[in-house]
Structures are given as C-alpha cells and as structure tokens.
Amino acid sequence: MSQKFAAPKGVSEYLPPKSNVFDRIIQTLKVPALAAGYELIELPIFEDTELFTRGVGASTDVVTKEMYTFEDRGGRSLTLRPEGTAGVIRAVIEHGLDRGSLPVKLFYQGPFFRAERPQAGRYRQFYQFGIEAIGSNDPYLDAEVISIAYQGYRKLGLKDFELQITSLGDSESRAAHRKDLDAFIAGLNLDEETRTRALKNPLRLFDDKREEISSSMSKAPLLLDYLNSESRENFEAVKSALDSLEISYVVNPRMVRGLDYYTGTTFEFVHNGLGAQSGIGGGGRYDGLMELLGGSKLSGIGFGLGIDRILLALEAEAQSGQLLPGELKYIDLYVIALGDEARSKCFTLVDSLRKEGFVVEQNFGDRSLKGAMKAADKSGARFAIVLGDSELQSGSVELKQMSNGEQTSVRLTSLAKTLAEKSSGL
RNA sequence: GUGGGCGUAGCUCAGCUGGUAGAGCACCCGGUUGUGGUCCGGGAUGUCGCGGGUUCAAGCCCCGUCGCUCACCCCA
C-alpha cells in the first residue's frame, strides 16, 4: 500500500522555474541593505515561547491563536517564529551587540510560521526579508529604513504599490488618544468578540473590513491628531527626509499593524494588484521592545517584507507571457557528445569550462542528435557544440549561436576564449 | 473559528436532459546518413479526490468525508 503524501496545509512551495524568481527577489532585496551597511544575522527557526508572547504582545492574534507551539524533550515550550524582530532583539541582547557602535544594522531572511486559515497571499509557512536598525531614534534612520525597502521593490521592477505611513507617537500621545478612543468605542454597538478585542487594543478596530464597523469607525478620533509636539516634529522630520529622496507616500492615520511593539513611525507597502492580502511589507519603530525583553533602553526600527506576496505582486504586474525577473535560467553553452570516446572527452571539457566560470550543461544518455539539439534549445543555452568522432579527429568544433543558428569553427583549445568573446558581444 | 466556490491525464480544462473518458499545451519517438525553434505523423499517461447510496447503467443524481481555493476574523 503506497500512500501519496502531500505538503502540509497552507505552506508555500517554490519549484523551478518560479523558484528562480524567489531566489532573485531575495538577492535583489539584499542589495540596498548591503549598500547601507546592514549585515546578515542568521537565527533559529524556533525560540522560547515567551519571547513572542512578551515581545509580540499577548493581546495579538498572532500570539493568541496563530502560533505553532510545542514542547521539546526537556519540557521547554518552544514556538516556530511567527515574525523576525523579537528574535533579532533577543540575539542583540544576548550577545551584547548593542555594546559596539550604534546603530546595530542587521538583515535576515527565512521562513516564518503562523497557523492561520490559508488564502491568497497568506500561508502557514511564509518567507520574509527584513532589516533592523537598533540604537538610534534619529528620524533620518527611519527614512533610511523605509528607503531600503522602497529601493528593493523598485529594483525588482514593481511599480503598482503605495507607501503608507503614520505615526503611533510616544506613550504620552497614545495615552491621551486611548482615553478618547475608548470612550468613543464604548458608545458603539459591537458584538461580544469585537468588544473584547477592542479592550485589548482599540486601534485594531480601524482595520476591520466589516461594513458596519468600518462605517462606525469613520468618525473615531485619530491618533495622529493627538501627537504631542515632540512626536509631531519627529514625524514631520521623517516625512521631509522621504521627500528629499523623492519617495512618495500617503499618510494613512487609520493604518494598524498586527504586532503590539510598534511606536512612532509606522509604515506599510500596499500593492494594488493583489487580493485581500495586499500588504507586501511593513514595519516601524519600536521604542520599548528592547527593554521589554530585558535589554537596555534602546529604540529600534525595522521592516519585514513578504517574499511570497512580492512574487504574487510581480506576477500581477507582468504582462501575460512576460517572464518574471530571474525566471529564465541562464546557460552559456550546451555540449552534445556523440559516441563513447567523445563522451569521455566532453565530460572533462565541460568540467574545465565550468571551472573557468561558464555555465555549461551537457546531454546525458543516448539521444538522437536531433533530440539533443532540441534539449539544447529548450535549456535556453546561448551556444551549443556537437562533439563526435570527426571533431576529435580535427580538434575543432562548430560553435553554434542558438539565437540565429550561425556556426563558427573553433579550435577546442581556444573554445573558452572564443566563447567569452562571443558572449560579451551579446 | 465562520461563509462561498471547486475537485476529470504532468498543466489548463471540456464532458449535452445519467449509457461506461476527451481536447489543447507539455513529454517521448519518427519524417532515411550528425544539428533546435515552424509543420506533419505516431506514442505513453487517468482506480473522473475518497467512501457509501439510488439506478439495468453514475464523471454526471443523493449523502458523507478529505483536499484545494477565495473571502471574513487577522495579517507579511
């Protein structure tokens, strides 16, 4: 009895050729981060459960109903990471990274886990690329962080997205607003569940898509109107820094983020071509997180970008039949051997060309020349050679350019040189 | 957790008021001796998601179940 296995529910998987695009996305997003001096931090996939309940916030849905939590053999409660920031902060504190020069600038990339009901752009295992800058509250740093995400998207060719920003202010500003917002919500007719949620974090109601709730929230007091002078000046400084980089944005005073640690500048990138899950990335400042997790009182800011959703966004923006960035695999040369003797010669030839840096594929098994040529064509190789008895005799091959069928006779000894010359001309 | 849609070849799907399985794409081979992309010919591939029921007969009807998907809650 053979059982057919399937991947667990709701996970995202990437197979060729789409996996090439997936890889390209990550490589591309890294470029602006590296250019700004951010360095890789590679962290465990699972952490102490309490890191998330405390860091992300016990009131959040992420913590209350979406965590993959399990006990290890020593009875410790562990959780598959639902987001990246808490782990980064933990590592910074644990290893004293904040004792060096500030801000500490880090980037990470990898899988994250939330046990939600899957839908378009929402998976139980999903991928994020993120950066964190810890130890400075300079508004220019906020703008730098935002610009790194922005540049990453643009480098990938994305256009149809919008940057939304707001400020959640400092604790004084939030307290003043909370008082009025609570009073306002108390006057609304809400179902039990929603009311409970509002008690934990009333801002969440701004994000509710149900018609009756969004319409009644339209008159709710906005946090942005309660910012004290310091918070307001800070927000203005961030905005003008973005202006100076010609990064356009819209201020969305109703924006809500899912994690409780955000303060001050908060932002989200929203794509217009996606379904309900339109946020392709977001982040913000977190003033109290470091201290909350047992570290020094340093502010930080960062973002997480959803690789899966960026891929969906690229697909949404692509014209039909258009290739996505990185989708086509690149091959310099396809080598076809005819006969046993040639086969053995080709095998070492391919090896040496690869060592010189060329991307080379060879045909395997007994195929007709026609079939092998067809495979060469489909591989996307720019050039092909056929090596059989006569080539072994003469010591030269016909180097065929696949795009136009042109063949040039080349000595085997100068194949690499000619290939390099011809390739650079393309 | 709640609600809608869908489950037929590797992929996208067709299958009329039930009569016992098809197309396109992809794949492999060939169109006389060692050269691809077009064209022509040939070929392999399905327990029609699974279980039960109705019927002489079910991919089509009924019940259940599993899965996928979209949306809500929530969120990258």
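Here is how names work: the chains are called A, B, and so on, in the same order as the sequence lines, proteins then strands, and each is numbered from 1.
Within 4.0 Å (heavy atoms only), Ala376(A) reaches no atom of the nucleic acid at all. At the heavy-atom level, Gly405(A) lies under 4.0 Å from base atoms of the strands shown. Across all strands shown, Lys374(A) has heavy atoms under 4.0 Å from sugar-phosphate atoms exclusively, and none from any base. Residue Gly121(A) is classed as a base contact, given a heavy-atom separation below 4.0 Å to a base. At a threshold of 4.0 angstrom between heavy atoms, the contacts of Asp191(A) with the nucleic acid are absent. Across all strands, Arg210(A) comes closer than 4.0 Å only to sugar-phosphate atoms, never to a base (heavy-atom distances). Contacts of Glu391(A) with the nucleic acid, taken as non-hydrogen atoms under 4.0 Å apart, include base atoms.
At a threshold of 4.5 Å between non-hydrogen side-chain atoms, the residues Gln393(A) and Asp389(A) do not count as touching. A heavy-atom distance below 4.5 Å is not found between the side chains of Leu412(A) and Ser396(A).
Ion pairing between a basic and an acidic side chain is recognised when a charged N comes within 4.0 Å of a carboxylate O; Lys345(A) and Glu341(A) show no such pairing. Remark: Lys18(A) does not engage Glu327(A) in a salt bridge, criterion side-chain N to carboxylate O under 4.0 Å.
Between the side chain of Lys378(A) and the base of G36(B), no donor-acceptor pair under 3.5 Å is found. Residue Arg204(A) places no side-chain atom within donor-acceptor reach of the base of C73(B), judged by atom type and a 3.5 Å distance cut-off alone.
Here Ser368(A) does not reach the OP1 or OP2 of C29(B): none of its side-chain N or O atoms lies under 4.0 Å away. For Gln119(A) and C72(B), the shortest distance from a side-chain N or O to OP1 or OP2 is below 4.0 Å.
For Glu116(A), the listed nucleotide lying nearest its side chain is A76(B); candidates were C72(B), A76(B), C73(B). Closest contact between the side chain of Ala276(A) and the listed nucleotides U35(B), C73(B), A71(B) involves A71(B). Relative to the side chain of Arg114(A), the nucleotides G36(B), U2(B), A76(B) differ in distance, and A76(B) lies closest.
With a 3.5 Å limit on both pairing distances and Watson-Crick or G-U wobble geometry required, the stems of 3 or more pairs in RNA chain B span B:1-7 with B:66-72, B:10-13 with B:22-25, B:27-31 with B:39-43, B:49-53 with B:61-65.
Rounded to whole Å, the P atom of U2(B) lies 33 Å from the corresponding atom of G15(B).
Note: CG (Leu311(A)) to C1' (A76(B)) measures 13 Å, nearest angstrom. Rounded to whole Å, the distance from CG on Leu15(A) to C1' on G10(B) is 12 Å. In this structure, CZ of Arg117(A) is placed 14 Å from P of G5(B), rounded to the nearest angstrom. Rounded to whole angstrom, the span from the CG atom of Leu203(A) across to the C1' atom of C75(B) amounts to 16 Å. Taking atom CZ of Phe126(A) as the reference point, atom C1' of A76(B) lies 6 Å away to the nearest angstrom.
The aromatic ring of Phe112(A) does not sit over the base of A76(B), since the test of centres under 5.5 Å and planes under 30° is not met.
Side-chain atoms of Asp308(A) and Ser12(A) include a donor-acceptor pair closer than 3.5 Å.
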